[in-house]
Amino acid sequence: LQDTELFSSKEEDSSLYFTYSGGRNDLEVKDLHYEIDTAAQIPWYEHLAEFKNPWGKKGEKQTAISNLNLRVHSGQMLAVIGSSGCGKTSLLDIITCRDEGGKVRHGQVLINGTPSTPKLVRRSIAHVRQDDRLLPHLTVRETLAFVARLRLPTHFSQAQRDQRVDDVIAELRLRQCAHTRVGNSFVRGVSGGERRRVSIAVQLLWNPGILILDEPTSGLDSFTAHNLVLTLSRLARGNRLVLLSVHQPRSDIFQLFDLVVLLSSGSAAYCGAARDMVPYFTALGHPCPRYCNPSDFYGEDRGGREWEGEEEEGRDERRRKERRREGEGK
């Protein structure tokens, strides 16, 4: 106990500066099947540049997500992992009603038992995109103060807005760079990890109950990425629902997740608790090698069908063992 008190700081002990005061939120995806039109992905003006009729072009239908089911509630952090092109961003776009060029064939997204609509999403979900869209010449505090005047309710006084900005800065560990310009690729400013935290802080200002992030660790070094996911885990403990997509997280980052959805070619090869993923595949006859990262080993693109075939083989093997035991008992 003495060693714990010696190496723990006050800032770590009081880590939750800013919690969500609303009720419990629940997000559910039921039997989702989503297709995209390849022709819709190409802008119409490119067809005109090639002297083609942009309205008569018909593309092929491709399945981006197939029969996906998942459920997560407040206090949990769910990570959608998988190789590039497996449908992670498409899933987040469907949940946030930002899908373009595609169509949901069947299934639905439920937010607290209500079908998702753009109005409901704007009121309950904060979506942090992969690219940072910030004004480079403003400091971190000026950026948050500017957004607070636009986003917070009109009945908030200036003192309440300033307090909300201070709480968010403390929650996301931005005190040391609060008076530094945000910057971009042309203007020198904060680091990449701090800029990503500012993007999260902008969405956190209005205190949402559901936080969705698309590849928040993309382009960050391992240390910065771990600290960022640690911050997201702390936000989830503050009565929030956190859902993020990650390409192939490190093993120490993987241990921070509560729930994991492993996508392979749009299908869920695994959906459940992160700590149970390795035992699940081990029971199917595919143990994770020692000293190997589970997300790297199981996240390799195997075409989806291979995992499904292996799952069927595992079920058949379990049935054969059960029959063998029944025969021995007789």
Side-chain angles (χ1 to χ4, degrees), residues 27 29 32 64-73 75-92 95 130 193 196 211-237 241-318:
L27 177 65
V29 177
L32 183 65
I65 298 175
S66 176
N67 300 324
L68 180 64
N69 292 275
L70 64 89
R71 188 169 186 175
V72 58
H73 57 77
Q76 292 180 325
M77 179 168 61
L78 183 145
V80 182
I81 64 176
S83 58
S84 299
C86 66
K88 299 189 299 293
T89 301
S90 297
L91 175 60
L92 300 190
I95 293 175
Q130 187 172 353
R196 191 61 50 84
L211 186 62
I212 295 181
L213 307 99
D214 186 11
E215 297 279 0
T217 61
S218 178
L220 304 181
D221 60 87
S222 58
F223 178 77
T224 306
H226 180 268
N227 285 339
L228 179 60
V229 178
L230 196 63
T231 299
L232 296 176
S233 177
R234 189 173 65 249
L235 291 175
R237 293 199 306 270
L241 188 159
V242 178
L243 191 152
L244 69 154
S245 64
V246 189
H247 179 55
Q248 282 182 330
R250 295 195 327 170
S251 56
D252 56 345
I253 293 178
F254 182 83
Q255 295 174 0
L256 297 174
F257 301 145
D258 299 311
L259 302 173
V260 167
V261 175
L262 174 61
L263 290 182
S264 180
S265 300
S267 300
Y270 175 80
C271 181
R275 63 178 180 272
D276 295 335
M277 190 175 81
V278 175
Y280 171 79
F281 284 109
T282 302
L284 296 179
H286 296 277
C288 182
R290 193 177 184 183
Y291 306 122
C292 183
N293 184 3
S295 60
D296 289 337
F297 181 72
Y298 297 118
E300 295 177 357
D301 189 6
R302 300 171 182 255
R305 297 179 181 177
E306 184 175 343
W307 284 128
E308 293 174 2
E310 290 166 355
E311 185 176 352
E312 291 296 331
E313 292 177 3
R315 290 174 182 170
D316 295 340
E317 181 64 25
R318 287 195 293 270

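Only this structure's heavy atoms are used, side chains among them; waters, hydrogens and symmetry mates stay out.
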- Message: A side-chain contact here means heavy atoms from C-beta on lying under 4.5 Å apart; do Val246 and Ile253 qualify?
- Response: no
Would you mind writing out the side-chain donor-acceptor pairs for residues 211-218 within the sub-3.5 Å range, not counting sequence neighbours?
residue, atom, partner, partner atom, Å
Asp214, OD1, Thr89, OG1, 3.4
Asp214, OD1, Ser245, OG, 2.9
Glu215, OE1, His247, N, 3.4
Ser218, OG, Gln130, NE2, 3.4

- Item | CG on Leu243 to CG on Leu232, rounded to 0.5 Å | 11.0 Å
- Query: Which heavy-atom pair separates Phe297 from Cys292 by the least distance, and what is that distance?
  - Reply: CB-SG, 3.8 Å
- Query: How far apart are the closest heavy atoms of Cys271 and Leu70, and which atoms are they?
  - Reply: SG-CB, 4.0 Å
- Could you give the distance from CG (Leu256) to OG (Ser251), rounded to the nearest 0.5 Å? 10.0 Å
- Tell me, with the steps shown, if Val261 and Leu68 meet side chain to side chain contact (heavy atoms under 4.5 Å, CB included). CA-CA 10 Å; Val261 175; Leu68 180 64; 4.3 Å; yes
- Query: Less than 4.5 Å apart, any side-chain heavy atom of Gln248 and any of Asn293?
  - Reply: no
- Message: With a 3.5 Å distance limit and no angle check, can you tell me whether Lys88 reaches the backbone of Ser83 through a side-chain donor-acceptor pair?
- Response: yes
- What is the distance from atom NE2 of His73 to atom CG of Leu259, rounded to the nearest 0.5 Å? 7.5 Å
- Task: Could you list all the side chain to side chain donor-acceptor pair (under 3.5 Å) pairs where at least one residue sits in residues 223-232, not counting sequence neighbours?
- Result: Arg197-Thr231, Asp221-Thr224
- Closest non-hydrogen atom pair, Gly193 against Leu220: N-CD2, 3.6 Å
- Item | Contacts of Asp258 that satisfy side-chain hydrogen bond (donor to acceptor under 3.5 Å, both in side chains) - sequence neighbours left out | none
- Shortest non-hydrogen separation from Ser295 to Phe254 and the atoms involved: CB-CD1, 4.2 Å
- Query: Taking atom CG of Leu228 and atom OG of Ser233, what is their separation to the nearest 0.5 Å?
  - Reply: 11.5 Å
- For Asn67 and Ser267, indicate whether the former's side chain and the latter's backbone hold a donor-acceptor pair under 3.5 Å. no
- Do you know which two heavy atoms are closest between Ala269 and Phe281, and how far apart they sit? O-CZ, 4.0 Å
- Item | Minimum heavy-atom distance between Thr282 and Pro287, given as atom pair plus value | OG1-CA, 3.6 Å
- Task: Go through Tyr270 and Tyr298 one step at a time and tell me if the ring pair (Phe, Tyr, Trp, His ring centres under 6.0 Å) criterion holds.
- Result: CA-CA 10 Å; Tyr270 175 80; Tyr298 297 118; 8.9 Å; no
